[in-house]
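Please read all numbers here as calculations on a predicted model, not as lab measurements. The sequence lines fix the lettering, A, B, ..., with proteins before strands; numbering per chain opens at 1.
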Number of protein chains: 2
Amino acid sequence: MNEAMPRNGEKVRKSLQWAALELFRDRGYEETTAADIAAKAGVTERTFFRHFADKRDVLFDGEAAFSEALTQAIRNAPKAFGPWDTLLFSFGSVKQMFIDNRPFTEPRQYVIAATPALQERAMAKTRSLVTNVTSALCERGVSEPEANLVAWMGMAASSYGVAAWFKDNSMGLGEHMAQAFEKASRLSQSNFATTKTTATSSEPRARGR
Amino acid sequence: MNEAMPRNGEKVRKSLQWAALELFRDRGYEETTAADIAAKAGVTERTFFRHFADKRDVLFDGEAAFSEALTQAIRNAPKAFGPWDTLLFSFGSVKQMFIDNRPFTEPRQYVIAATPALQERAMAKTRSLVTNVTSALCERGVSEPEANLVAWMGMAASSYGVAAWFKDNSMGLGEHMAQAFEKASRLSQSNFATTKTTATSSEPRARGR
DNA sequence: CCACATAATGTCAGTCGCTGACAATGAATG
DNA sequence: CATTCATTGTCAGCGACTGACATTATGTGG
């Protein structure tokens with residue numbers, strides 16, 4: 001084999017993640033000790049902290065890989081695209097990761113919603129992702145402050161799209177994401193009393209200029 | 001007097017905040033213990049944790065008051081305004097708080113930038129603020145998902161505006177904020193190769209439609 | 001001036017998150 | 001079978017944070 005795998009720790013890692021998710025869901029985050037998670041996974045507390053930097057981190061693991069994929073997609077986006085189109089294109093490129101991780105991220109969502117400490121960590125991960133996206137956009141010629149701004153707006157649109165995808169199975173993630181970006185674009189316009197574009201108006205017209 | 005003030009704890013509170021800010025700046029966050037902060041303020045570690053929920057919270061105190069003021073401004077905004085104009089109007093209404101708190105927030109900024117744990121807390125506070133803004137927008141007839149989306153985008157624009165204000169003293173916060181919202185609006189448009197509005201192009205023309 | 005009520009603080013013991021150091025274990029290689 | 005090396009177990013210890021109870025300082029009423 002390629003790499004050494006003396007007592008393979010990858011299974012232990014996954015086992016710890018699922019054990020933590022279940023315990024947090026059943027007993028609550030604060031009421032679950034790190035030793036409890038380790039015990040349920042059949043290892044020691046010390047081993048837990050060798051796999052994860054801290055107790056919160058056990059629920060946020062794929063983030064680094066996702067960030068890598070997303071920033072790579074940004075680099076591969078057509079050079080003619082402006083930053084906004086680049087982001088929509090890139091989120092579409094990595095949509096498979098959303099789909100694959102859904103079995104873990106969807107139940108995780110409820111645990112996070114019930115735990116301030118985990119919401120904090122989730123935001124920190126988002127911030128880290130935005131930082132990386134900003135760098136990738138800068139490589140495309142966007143200034144740093146503008147790249148940071150558009151990265152945050154794109155992240156807001158993406159979150160909106162994923163939330164809609166979770167609730168509405170009648171459309172794929174790609175369509176939800178495209179509609180989310182369109183909605184974000186419309187909502188950030190200066191005009192008066194524009195609250196009539198509320199519901200699910202399916203207008204898949206291509207991106208006009 | 002109105003309220004009882006047996007051993008007035010407000011001075012202790014302020015004293016703890018400034019002691020923490022200085023120690024974090026000079027010695028670093030991780031290298032500063034809660035007992036150190038308390039000692040510098042002339043009290044006990046236990047007293048520190050009576051005033052602040054945890055070690056990080058000592059740097060984020062005015063957040064609740066700011067959130068209160070901002071959401072109130074949203075409620076007072078002209079009813080004809082759409083959500084985007086409402087946010088710009090409301091951030092302008094509370095700009096005095098930005099100015100008043102600058103002596104504390106500006107040095108704090110560098111401490112946060114050097115401390116991941118504090119960045120995490122800052123993001124959590126922002127998230128809390130966005131949640132309150134979302135609720136206030138919902139009261140104006142915006143649907144919850146859309147309100148959340150526009151609240152995040154407005155927050156991104158606001159951060160951009162404040163950062164520009166910190167760096168450029170030639171304009172007031174109000175003008176910086178208005179330009180930030182305009183820039184956000186333009187950046188979230190779908191078009192190709194729109195990266196020529198990069199640098200400091202001073203275009204103080206009023207918000208056209 | 002002296003109780004008295006009240007709120008802030010001090011003291012102490014204890015749990016939990018987390019880490020460094022060192023020994024022990026199990027799988028692959030020769 | 002011996003070696004190697006990554007993973008794990010064990011243990012001691014620090015810092016963050018909390019509950020319980022005693023203590024101090026302030027303002028009030030007699």
[X] [atom1] to [N] [atom2], straight-line distance once rounded to whole Å:
X       : N      : atom1 : atom2 : answer
A/Asp36 : C/dC16 : CG    : C1'   : 11 Å
B/Glu31 : D/dC14 : CD    : C1'   : 14 Å
B/Leu23 : D/dA16 : CG    : P     : 12 Å
B/Ile37 : D/dG15 : CD1   : C1'   : 12 Å
A/Arg13 : D/dA6  : CZ    : P     : 17 Å
B/Asp57 : D/dT18 : CG    : P     : 11 Å

**Request:** Please state whether the phosphate of D/dT8, meaning OP1 or OP2, lies under 4.0 angstrom from any side-chain nitrogen or oxygen of A/His51.
**Result:**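 So the side-chain polar atoms of A/His51 do come within 4.0 Å of the phosphate oxygens OP1 or OP2 of D/dT8, strictly under.
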**Message:** So, does B/Thr47 get its side chain near the phosphate of C/dT9, meaning an N or O under 4.0 Å from OP1 or OP2?
**Reply:**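 No.
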**Request:** Check DNA chain C against residues 115-128 of chain A and give the residues with a non-hydrogen atom under 4.0 Å, in numerical order.
**Result:** none
**Asked** Who are the side chain to side chain donor-acceptor pair (under 3.5 Å) partners of A/Asn132, not counting sequence neighbours?
**Response** A/Ser67
**Item:** For B/Lys40, salt bridge (Lys or Arg N to Asp or Glu O under 4.0 Å) partners two or more places apart
**Value:**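 B/Lys40 satisfies salt bridge (Lys or Arg N to Asp or Glu O under 4.0 Å) with B/Glu22 only.
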**Over all atoms of both residues, closest heavy-atom pair of A/Arg13 and A/His51** = NH1-O, 3.0 Å
**Request:** Could you pull out the closest heavy-atom pair between A/Leu187 and B/Trp84, with the gap in Å?
**Result:**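 Taking every non-hydrogen atom into account, O-CB, 3.3 Å.
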**Asked** Quick one: salt bridge (Lys or Arg N to Asp or Glu O under 4.0 Å) pairs with a partner in residues 155-181 of chain B, sequence neighbours left out?
**Response**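 Sorted pair list comes back empty.
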**Asked** Can you pull the salt bridge (Lys or Arg N to Asp or Glu O under 4.0 Å) pairs that have at least one residue in residues 87-103 of chain A, sequence neighbours excluded?
**Response** A/Arg102-A/Glu106
**Request:** Mark up nucleotides 17-22 of chain C, 5' to 3', with B wherever a protein heavy atom is under 4.0 angstrom from a base atom, S wherever such an atom reaches only the sugar-phosphate, and - elsewhere.
**Result:** SBBBB-
**Message:** Checking B/Arg27 now: which residues fulfil side chain to side chain contact (heavy atoms under 4.5 Å, CB included) with it, not counting sequence neighbours?
**Reply:**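 With sequence neighbours excluded, B/Arg27 shows a side chain to side chain contact (heavy atoms under 4.5 Å, CB included) to B/Leu23, B/Glu31, B/Thr32, B/Asp36, given in chain and number order.
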**side chain to side chain contact (heavy atoms under 4.5 Å, CB included) partners for B/Ser135, two or more places apart** = none
Sequence neighbours left out, cut at 3.5 Å: what donor-acceptor pairs do the side chains of residues 148-159 of chain B make with other protein atoms?
| unit_1 | atom_1 | unit_2 | atom_2 | d |
| --- | --- | --- | --- | --- |
| B/Asn148 | OD1 | B/Thr134 | OG1 | 3.4 |
| B/Ser159 | OG | B/Met155 | O | 3.1 |

